[in-house]
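Input: a single structure, listed below in structure tokens.
For the numbers below, each heavy atom of this structure counts, side chains included, while hydrogens, waters and symmetry mates do not. If you're wondering where the values come from, they're calculated on a predicted model, not measured in any experiment.
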Amino acid sequence: MTKTIEDLIPDYLRGLPMYVPGRPIEDVERELKIVAIKVASNENPLGPSPMAMEAVKGALGEANRYPDGGTHRLREKLAKLHGVHEDEIFVGLGSSELIDLAARVLLRSGKSGVTSEGSYAPFSIAIRANNAELRLAPLREFTFDLRAIAAKVTGDTAVIYLANPNNPTGTAFGHAEFAELLARVPESVLVVLDEAYVHYADRVDMPRSMELTRERKNLLVLRTFSKVYGLAGLRMGYGVGPRALVTAMNKLRTPFNVSGLGQVAAVAALNDAEHVRRSIEANRAERNGLHEGLTALGLRPVRSETNFIFIEIGPEANAISEELLRLGVIVRPLGWMGMAEALRVSVGTAEENGKLLNALALVCERRAGKSELASR
Ligand code: PLP
């Protein structure tokens, strides 16, 4: 019998889950004919850096030209900022591209990759997409357990993925713990430290990650322009790590991976210290208010170091998220990530958080009413 394309797709890809993004506002508004807010994808509710927007407007006229395929201006700026060499920086389509490329460079059948349960799904997907064995350590109190991670490492392990702060739980580990992990893990294992939310962390002992990239030959630190800089739609991220890895990732990436508009926006956003400061301060104030509001509703939010909050809400998490959707509030149920009893909500503007809390209060009230009726 002749084979079809479907037959040619390897088994390890057939079984792979697809990353489920938060639902776009327009989608929900069209389907339900309502006005909605989205607090599902941990975006910056203050918008893009104004300086980045200006820079993009100025660069639009160059859109007929291919961008700088070597991202020289941006890498030069980042090298100065972090005190590293330009050759140790890879610029990608969000940090997502780097998560994928690191795995493509280092993993294959016979190798293993380690991450944690209850962490960012693309880590597991990247490991499995390369036919490597996925090893998951358990979370401890919603936080990466770095000793459990180290215990999963064997001779065939090539990559460890960590998110700090973690998505979706919002917790963070400190410098001493991370330094201990690095000391335990052989230099032949790449440690990917994804710091997408690092700007929002209040913990004072966050890992001094860039300093560690200068000391360790097996550390790749990921950063993104999607969060505090407000440029998620332009898909810009970068990593700082070993030259050999950066060189190999450059060979695998597509020739002009990041756009010219993305590059000028990123350079301008790095100069826009005021937008970063405002974004962090607004997030801190709103995050505290949201945490208190959720607690007052009798819910159990996990204290967050990020721009979102994780709530263990019970077996009805999915149904609650559907009810919220109908009230015009898009949150993120986490069942597809193996956390069927949890929701994640992003910290929005004061108005958005108010709408979220009102909607949640209504849903909780309705549910309490229903269970009272049922018990009569
Ligand atoms: N890493 C973590 C932990 C995230 O939560 C996200 C996005 O939500 C990303 C990476 C992806 O970011 P980017 O937009 O840079 O691809």
What I want to check is whether the side chains of Asn250 and Thr247 have a donor and an acceptor closer together than 3.5 Å. no

Salt bridge flag under 4.0 Å for residues Arg253 and Glu97: no

Do the side chains of Tyr200 and Val347 get nearer than 4.5 Å, heavy atoms only? no

Side-chain donor-acceptor contact under 3.5 Å, Ser209 with Glu195: yes

Should the pair Lys355-Glu351 be classified as a salt bridge under the 4.0 Å nitrogen-to-oxygen rule? no

Taking Arg75's backbone N and O only, do any of them form a donor-acceptor pair with Thr71's side chain (distance below 3.5 Å, no angle check)? no

Residue pairs passing the salt bridge (charged side-chain N to carboxylate O under 4.0 Å, His left out) test where at least one lies in residues 290-307, sequence neighbours excluded: none

Please name all residues satisfying salt bridge (charged side-chain N to carboxylate O under 4.0 Å, His left out) with Asp11, sequence neighbours left out, ordered by chain then number. Arg14

If only atom types and distance count, is the side chain of Arg128 paired as donor or acceptor with the main-chain N or O of Pro17 below 3.5 Å? no

Under 4.5 Å between side-chain heavy atoms, hopping through other hydrophobics if needed: is there a path connecting Tyr238 to Leu74? yes

Under a 3.5 Å distance rule, please check whether Asn130 uses its side chain to pair with a backbone N or O of Ala126 as donor and acceptor. yes

Can you tell me how far apart CG (Asp272) and CE (Met53) are? Round to the nearest 0.5 Å. 9.0 Å

Salt bridge or not between Glu54 and Lys57? Use side-chain N to carboxylate O under 4.0 Å. yes

Note: Arg277-Glu281 ion pair, threshold 4.0 Å (strictly below): yes

Answer yes or no: is there a donor N or O on one side and an acceptor on the other, between the side chain of Asn307 and the main chain of Asn42, under 3.5 Å? yes

Between Arg203 and Asp205, is there a side-chain N and carboxylate O pair less than 4.0 Å apart? yes

Donor-acceptor check, side chain of Thr115 to backbone of Tyr161, threshold 3.5 angstrom: yes or no? yes

Check the side chains of Asn166 and Thr171 for a donor-acceptor pair under 3.5 angstrom, ignoring hydrogens and angles. no

Let me see the working for Asn271 and Lys77 under side chain to side chain contact (heavy atoms under 4.5 Å, CB included), right down to the final yes or no. CA-CA 10 Å; Asn271 288 330; Lys77 193 158 183 62; 2.8 Å; yes

Give a yes or no on whether the backbone of Ser112 and the side-chain of Thr157 come within a donor-acceptor separation of less than 3.5 Å. no

Ignoring hydrogens and angles, tell me if any N or O in the side chain of Ser95 forms a donor-acceptor pair with the backbone of Thr224 under 3.5 Å. no

Could you tell me how the ring of Tyr120 sits relative to the ring of Phe123: parallel (under 30°), tilted (30 to 60°) or perpendicular (over 60°)? perpendicular

Arg243 side chain to His85 main-chain N or O, any donor-acceptor pair under 3.5 Å? no

CZ/Arg147: more than 12 non-hydrogen atoms of other groups inside 6.0 Å: no

Using only atom types and a distance under 3.5 Å, with no angle test, would you say the side chain of Thr306 pairs donor to acceptor with the backbone of Ser304? no

Residues Val246, Asp87; criterion side chain to side chain contact (heavy atoms under 4.5 Å, CB included); working and verdict: CA-CA 7 Å; Val246 169; Asp87 294 348; 6.0 Å; no

Under 4.5 Å between any side-chain heavy atoms of Gln263 and Val258, yes or no? yes

Name the residue from Arg108, Arg135, Lys111 that meets the salt bridge (charged side-chain N to carboxylate O under 4.0 Å, His left out) definition with Asp156. Arg135

Side chain to side chain contact (heavy atoms under 4.5 Å, CB included) between Thr4 and Asp7: does it pass, once the steps are laid out? CA-CA 5 Å; Thr4 65; Asp7 297 323; 3.2 Å; yes

Under 3.5 Å donor-acceptor, Glu29 side chain and Ala36 backbone: yes

Derivation and outcome, side chain to side chain contact (heavy atoms under 4.5 Å, CB included), residues Val198 and Asn164: CA-CA 7 Å; Val198 73; Asn164 197 45; over 6 Å; no

Find out whether Leu162 and Leu181 are in side-chain contact, i.e. whether some heavy atom of one side chain is under 4.5 Å from a heavy atom of the other. yes

